[in-house]
Amino acid sequence: MTEQKTWSQRFESALHPAIARFNASIGFDIELIEYDLTGSVAHAKMLAHTGIISESEAQQLVAGLEQIRQEYREGNFNPGIDAEDVHFAVERRLTEITGDVGKKLHTARSRNDQVGTDTRLYLRDQISQIRSQLREFQGVLINLAQNHVETLIPGYTHLQRAQPVSLAHHLLAYFQMLERDWERLGEVYQRVNVSPLGSGALAGTTFPIDRHYTAKLLNFDGVYANSMDGVSDRDFAIEFLCSASLIMVHLSRLSEEVILWSSHEFGFVTLKDSCATGSSIMPQKKNPDVPELVRGKTGRVFGHLQGMLVLMKGLPLAYNKDLQDDKESLFDSVKTVKGCLEAMTILFREGLEFRTARLAEAVAEDFSNATDVADYLAARGVPFREAYNLVGKVVKTSLAAGKLLKDLSLDEWKELHPAFEPDIYEAISPRQVVAARNSYGGTGFEQVRQAIQAAQSRLSNQE
Ligand code: ARG
């Protein structure tokens, strides 16, 4: 088609086709179209409200914009490279629909404040969706925790068996991480939800616009106080990417646990067929693809954060075309986080089963009750460090004899220290070892039940 120049008569020849392709963002910023239309509707209404255009002109603009929305939703609005970006594409179609009135839409506005507005409207919406996904996943973790308060699982430090814990306690640790993610996104939302619209290209506008009016129509909590900051700030996007990265850190850690737990070596969970795949060559394999993909996709979100930081660091005020490159990384991060949250929610809701018999075996087959022997003596007046050393000795001799602590006879215990009584056996049973850690925030069953209640009330109170 003949090149229809969207900018001024100043230009004498059309863009080189390769440069047009290179310059165009329509291939990805079409993602913003609904937000672009919503922002433009508010802008048109403001233009009439302030008398810059007439009521009837504004009505035609709004009707035209809504028609484009309809066309887009029905799959009938597919602008090509020649439109350059979503903003030009909409304006061009609007002018086709409404004639000359359409050419008034861009009065007192620049694509610079427009794209900033669109991006904020988009991100605000996405943040709300991600926050509800976090809530959903947290709900799934609580349900699972409720079923497993008294299921014991080895607790690790340095990936060495340390002390057994309630499986619910382990799962609730992730509930807490996700709770912080939820809160953090709420804080980021506040800084996303500020309107740059009306900043113009960079310096404001000669028209008597009302920025607070558009901000109110678009449900922004406030307006940027400085037009140059308004068009060039992307802090809000970086903050979002930081929060998204932390969500991915948490999902990735949990993924790593599931991958370990589902291995033959651990054998703590079985993956259901609905959430695992086989190997094309080894018929016995069942692979933990979901957590592996989540762990893998974490890297790209970190990369997008780094990319955005570097994108911004050298930019002089105000708008620079570099900023067009903020979008793909933002969109990809949003899609990645949403996809990973959805997959993990399904995995934990219905895709895995804890092998409770194997877990019960696991917590009984090691020396993770050694601290409890030391605590036993310390509670009976032996200084803790002395008790610790005694127990170290008995662990060593038991290991050499191929025995566990529960296999020692009362005589052997008494030989080690006269303070030992028959109740030592109960004190070092895995159940008691867990139950006894009833300090606030600990794994004792009472604490865990309270933690579940507290988690439930957070979910119901804070929507
Ligand atoms: N497509 C552009 C972007 O995403 C819109 C703003 C263009 N502004 C400009 N002065 N060229 O950033």
Test the R358-F266 pair against the cation-pi criterion, namely NZ or CZ under 6.0 angstrom from the six-membered ring centroid and within 45° of the ring axis.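 No, a cation-pi geometry is absent between R358 and F266.
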
If you measure from the Lys or Arg side-chain nitrogens to the Asp or Glu carboxylate oxygens, is any gap between [X] and [Y] under 4.0 Å?
X: E84; Y: R21; result: no
X: R131; Y: D181; result: no
X: R234; Y: D326; result: yes
X: R458; Y: E179; result: yes
X: E96; Y: R93; result: yes
X: R69; Y: E74; result: no
X: D235; Y: R191; result: no
X: K335; Y: E31; result: yes
X: E91; Y: K103; result: no
X: E187; Y: R184; result: no
X: R92; Y: D82; result: yes

Pair [X]-[Y], side-chain donor/acceptor within less than 3.5 Å:
X: Y174; Y: E257; answer: yes
X: Q114; Y: R111; answer: no
X: T151; Y: H148; answer: yes
X: D289; Y: T277; answer: yes
X: S25; Y: Q324; answer: yes

Audit row: Q447, S439, side chain to side chain donor-acceptor pair (under 3.5 Å) steps and yes/no: CA-CA 7 Å; Q447 289 299 321; S439 52; over 6 Å; no

Is there a side chain to side chain donor-acceptor pair (under 3.5 Å) between Q129 and K338 once you walk through the steps? CA-CA 8 Å; Q129 291 177 33; K338 286 166 82 175; 2.6 Å; yes

Taking salt bridge (Lys or Arg N to Asp or Glu O under 4.0 Å) as the cut-off, I'd like each qualifying pair that reaches into residues 430-449, sequence neighbours left out, listed once.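 For residues 430-449: E150-R431, E150-R449, D372-R437, D375-R437.
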
Would you say the side-chain atoms of K272 pair up with the backbone N or O of E353, donor to acceptor, closer than 3.5 Å?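 Not a single qualifying donor-acceptor pair exists.
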
Flag, side chain of D210 to backbone of Y213, donor-acceptor distance under 3.5 Å: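 Such a contact is found between D210 side chain and Y213 backbone.
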
Tell me if the [atom1] atom of [X] is crowded by more than 12 foreign heavy atoms within 6.0 Å.
X: E256; atom1: CD; value: yes
X: K216; atom1: NZ; value: no
X: K313; atom1: NZ; value: no
X: K45; atom1: NZ; value: no

Quick check for you: to the nearest 0.5 Å, what is the distance between R109 atom CZ and H87 atom NE2?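 It comes to 9.0 Å.
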
Return the CG to CG distance between L241 and L246, rounded to the nearest 0.5 Å.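 If I round to the nearest 0.5 Å, the distance is 11.5 Å.
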
Side chain to side chain contact (heavy atoms under 4.5 Å, CB included) between L305 and C242: does it pass, once the steps are laid out? CA-CA 7 Å; L305 168 63; C242 288; 3.7 Å; yes

Intermediate values then yes/no, side chain to side chain donor-acceptor pair (under 3.5 Å), R73 and Q70: CA-CA 5 Å; R73 287 186 182 174; Q70 207 49 42; 5.2 Å; no

Please verify the inter-ring angle class for W261 with F268; under 30° counts as parallel, over 60° as perpendicular, anything in between as tilted.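 Correct class here is tilted.
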
Parallel, tilted or perpendicular: ring planes of Y122 versus Y35, cut at 30 and 60 degrees: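 It falls in the perpendicular class, over 60°.
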
For the residue pair R124 and N219, establish whether any side-chain heavy-atom pair is separated by less than 4.5 Å.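 Yes, close enough: below the 4.5 Å cut-off.
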
So, do T117 and F220 sit near enough that their side-chain heavy atoms are less than 4.5 Å apart?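 Yes, side chains in contact.
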
Pick one: which of I97, T38, L105, D36 meets side-chain contact (heavy atoms from CB on, under 4.5 Å) with L65?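 That would be L105.
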
